[in-house]
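Reading through the structure tokens given below for one structure.
Residues: numbered from 1 along the sequence shown.
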Amino acid sequence: MYKPQFNQRKALRFRQFSRKGYALFACLGRVVTIGVLSVATLRAAASTTADDVTVADGTSVSTTAIDDGIDKEATLDNVEVTGSRAPLALGQAARMVTVLSREDIQAAPVQSINDLLKMAVGVDVRQRGPIGAQTDVGIRGGTQEQITILLNGINICDPQTGHNAFDLPCDLSDIERIEVLEGPAGRVYGTSSLVGAINIVTKDVGCKMAEVRAEGGSYGYLSGAGRVALGQHSLSANFTRSDGYSRSKSGALNSDYSGFKAFYQGHILLPAIQGGAGGEASHLSWHAGLSTKGFGSNTFYSAKYDEQYENTTKLFTALQGDIVVGKWHFKPAISWNRGHDRFELIRGSEAKVPFNYHRTDVFGINLNSWFDWLLGRTAFGAEFRNEDIVSTNLGEPLNEAFSHYKVGLNRSNLSFHLEHNILLRRFTLSAGFIAVKNTWNQMPFKVYPGIDASYRLGDNWKVYASYNSSLRMPSFTELYYSVGGHKADKYLKPEELHAVEGGIRYNNRWLSAKASVFHHHQRNTIDWVRDTREADPVWQSVNLTRINTVGFETTVTLNSELSTLNLSYCFLHQDKDVEDYLQSQYSLEYLRHKLTAQLLMHLTSRIDWTLCYRWQDRMGSYTDTNGLVQAYHPYSIIDSRLSWNADTYSVYMEANNLLSHRYVDYGNVPQPGLWLKVGAKYHFNL
């Protein structure tokens, strides 16, 4: 007999997601992530387009999408970020984390992740070569050696040199979001996170789709990419090349580029061990990636030679778990990364000047655990990281030389961490420490504490304050590179930094704003310096001095149904006891002022236009090819993107350095003028 379904549940329709840690989703007792359709897609869809809310156990709850006025900031507030050892939603976190969302990435007129970070106001991106050939990235006056780069939470820093830190295996289309944590992050990420960290989070595997992209543009630029997702697995690949924008004195290519990337990731659910709170499931995830590229290095390392060349290859592997046993959460991870680097001072002429060869291997294993109890959420764990290099010139003599390698070095880092979080209705407190020991130079255990606190004032305001400390071990290059006018010191001490910060944030549907002030006290600063009074000065790696950095940072974002306007400004002042005749390569060349502006407009239901403006004023100087010391000059850059977006495809045109302004941001390496690019992207479900 037919029986009506009287107990059938109706679909839940959420009209607005609260930004509070004590709101609906927080009360579920589990981490909730929200998949949001891009603004351009929403405008082209019906007003009741289906959206998915996915909880940590993999269950999808069908809801109804909101109208075009989705509050992006409110949505981001529910995204889990890594500003602490214990996972917290962005709205709960006591420490401010800047999130570049998928929508930000899709709208930006950029060619690489490096270019995308230029619009993060606290980030200093010093580009040597375009298309991500080589870019030094620092945070709040720090250098490329002083930040931690993570891929899905796995440390992928290169102990050889920070110059190659952004040799990433993933394409822009793989990325879900980028998290930028400004200020020392030793308590969260361990060594190398002296002034901050950048975590690149790739898209979740789950859907079945395919995507292809093709681009072409100025200077012989060509790029092709594809991505396939099949349930629990996804694979992407990208090839890019360019003739470059400059030539050597002999007329040869010296800024050309050719690179290939491939990235695979997957996950599986694990059999239930013991149900976690709220029914959370355990799972394993993994990734494997390859990045290989060769590029003309112009005058990157010496102004005397304008046909330098470098080739790098990197392999990335990681296996991570999320094990839930009752109220206990265990997050083990194991990773291995290998890097190959070949540098040619005179391109193709090893007989004249021997090439430099380096091979690095980094093995890491760590466990982060956390649990909730009456007094809050407590996290604890440990990490072991081994760094090994064999080289032609970096390290101590090997017992037995092989291939090109005559010297090498091996060091290990062991750390333990403990953190406790108090989560109240309006107040969040996160405090803890990390204890670190490194086998290099017989370093003893040292403890680096930190504490973050935030308080929500009403529905829109939030104030926060923090104290944090961290350290950074010297790179192998800083310890041993003593060729070509350089003299390294293998007895360098680790850098240390202590920082305090305070700020305020306001957020509603149409306006979000935040402002912060901070003070960094850095000691044993490592830098390459030379005495300009000498006739033929040599670059020396030294523990330079103590540096005090005072800074102010503010961001305002205005949202409407048809446009988004973002304005950001950062000011830095460094007080350092250094003689005027000492010229610095990195530490003393910081951005005094940085101003960014971004405007995104939905001109029609199909057409979007993005305009980006950046003004920078850098301190410091460099010696030009005539031997004269030149100060860096302020410059402005305008980038733009125009796109047509349909349901399954988009076509776009981008212009970088729209006004073709000539500028120098690093030594004697001039940057390109106007760079035009056109492209098309097509995606479909499988």
Side chain to side chain contact (heavy atoms under 4.5 Å, CB included) assessment of Asp136 paired with Glu145: CA-CA 9 Å; Asp136 296 343; Glu145 302 283 2; over 6 Å; no
Return a table of donor-acceptor pairs under 3.5 angstrom between the side chains of residues 287-297 and protein atoms on other chains or two or more places apart.
residue: Thr292; atom: OG1; partner: Thr313; partner atom: OG1; Å: 3.0
residue: Lys293; atom: NZ; partner: Gly132; partner atom: O; Å: 2.8
residue: Lys293; atom: NZ; partner: Ala133; partner atom: O; Å: 2.8
residue: Lys293; atom: NZ; partner: Asp167; partner atom: OD1; Å: 2.6
residue: Ser297; atom: OG; partner: Glu310; partner atom: N; Å: 3.4

Say you draw a straight line from [atom1] of [X] to [atom2] of [Y]; how long is it, rounded to the nearest 0.5 Å?
X      : Y      : atom1 : atom2 : value
Ser223 : Arg241 : OG    : CZ    : 11.5 Å
Asn656 : Ile637 : CG    : CD1   : 9.5 Å
Asn356 : Ser391 : CG    : OG    : 7.0 Å
Phe363 : Thr317 : CZ    : OG1   : 9.5 Å

So, using salt bridge (charged side-chain N to carboxylate O under 4.0 Å, His left out) as the criterion, who are the partners of [X] when residues are at least two apart?
X      : result
Asp527 : none
Glu553 : Arg140
Arg227 : Asp174
Asp306 : none

Between [Y] and [X], do the side chains contain a donor N or O and an acceptor N or O under 3.5 Å apart?
X      : Y      : value
Gln265 : Lys203 : no
His404 : Thr392 : no
Gln522 : Glu496 : no
Asn254 : Ser248 : no
Ser246 : Ser255 : yes
Asn438 : Asn413 : yes
Asn152 : Thr202 : yes
Arg592 : Tyr590 : yes

Verdict with reasoning, Asn238 to Ser236, per side chain to side chain donor-acceptor pair (under 3.5 Å): CA-CA 7 Å; Asn238 168 278; Ser236 68; over 6 Å; no
Partner residues of [X] under the ring-ring contact (aromatic ring centres under 6.0 Å, His included) criterion, sequence neighbours left out:
X      : answer
Tyr652 : none
Tyr663 : Tyr635
Tyr613 : none
Tyr219 : Trp675

Sole candidate of Asp158, Asn337, Asn164 that passes side-chain hydrogen bond (donor to acceptor under 3.5 Å, both in side chains) when paired with Lys314: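 It is Asp158; the other options fail the test.
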Closest approach of [X] to [Y] (non-hydrogen atoms, all atoms of both residues):
X      : Y      : value
Ser636 : Trp615 : OG-CD1, 3.2 Å
Leu116 : Ala108 : CD1-CB, 3.7 Å
Leu150 : Asn155 : CD2-N, 3.9 Å
Phe260 : Ala262 : CE2-CB, 3.9 Å
Gly220 : Asp243 : CA-OD2, 3.9 Å
Leu345 : Gln308 : O-CG, 3.3 Å

ring-ring contact (aromatic ring centres under 6.0 Å, His included) between Tyr301 and Phe343, worked out: CA-CA 10 Å; Tyr301 302 100; Phe343 173 69; 4.9 Å; yes
Pairs flagged by side-chain hydrogen bond (donor to acceptor under 3.5 Å, both in side chains) wherever residues 529-540 is involved - sequence neighbours left out: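 For residues 529-540: Arg530-Thr623, Asp531-Arg533.
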Are the side chain of [X] and the backbone N or O of [Y] linked by a donor-acceptor pair below 3.5 Å?
X      : Y      : result
Thr299 : Ser302 : no
Thr240 : Gly259 : no
Thr161 : His163 : yes
Ser660 : Leu674 : yes
Asp171 : Ala237 : no
Glu344 : Gly348 : yes
Tyr189 : Pro184 : no

Pairs where residues 624-641 contributes a residue and the test salt bridge (Lys or Arg N to Asp or Glu O under 4.0 Å) is met, not counting sequence neighbours: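 Sorted pair list: Arg641-Glu654.
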Pairs touching residues 125-135 that satisfy salt bridge (Lys or Arg N to Asp or Glu O under 4.0 Å), sequence neighbours left out: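 Salt bridge (Lys or Arg N to Asp or Glu O under 4.0 Å) check on residues 125-135 returns Arg126-Glu589.
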Under a 4.0 Å N-O cut-off, is there an ion pair linking [X] with [Y]?
X      : Y      : value
Lys594 : Asp617 : no
Glu215 : Arg213 : yes
Glu478 : Arg472 : yes
Arg385 : Glu387 : yes
Asp489 : Lys487 : no

Verdict with supporting geometry, Asn393 and Tyr480, side chain to side chain contact (heavy atoms under 4.5 Å, CB included): CA-CA 7 Å; Asn393 51 30; Tyr480 285 98; over 6 Å; no
Mutual orientation of the aromatic rings belonging to His593 and Phe571 [parallel < 30°, tilted 30-60°, perpendicular > 60°]: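 Plane angle between 30° and 60°, so tilted.
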Identified side-chain contact (heavy atoms from CB on, under 4.5 Å) partner of Ile389 from the options Asn410, Val407, Thr477, Thr360: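 Only one option passes, and that is Thr360.
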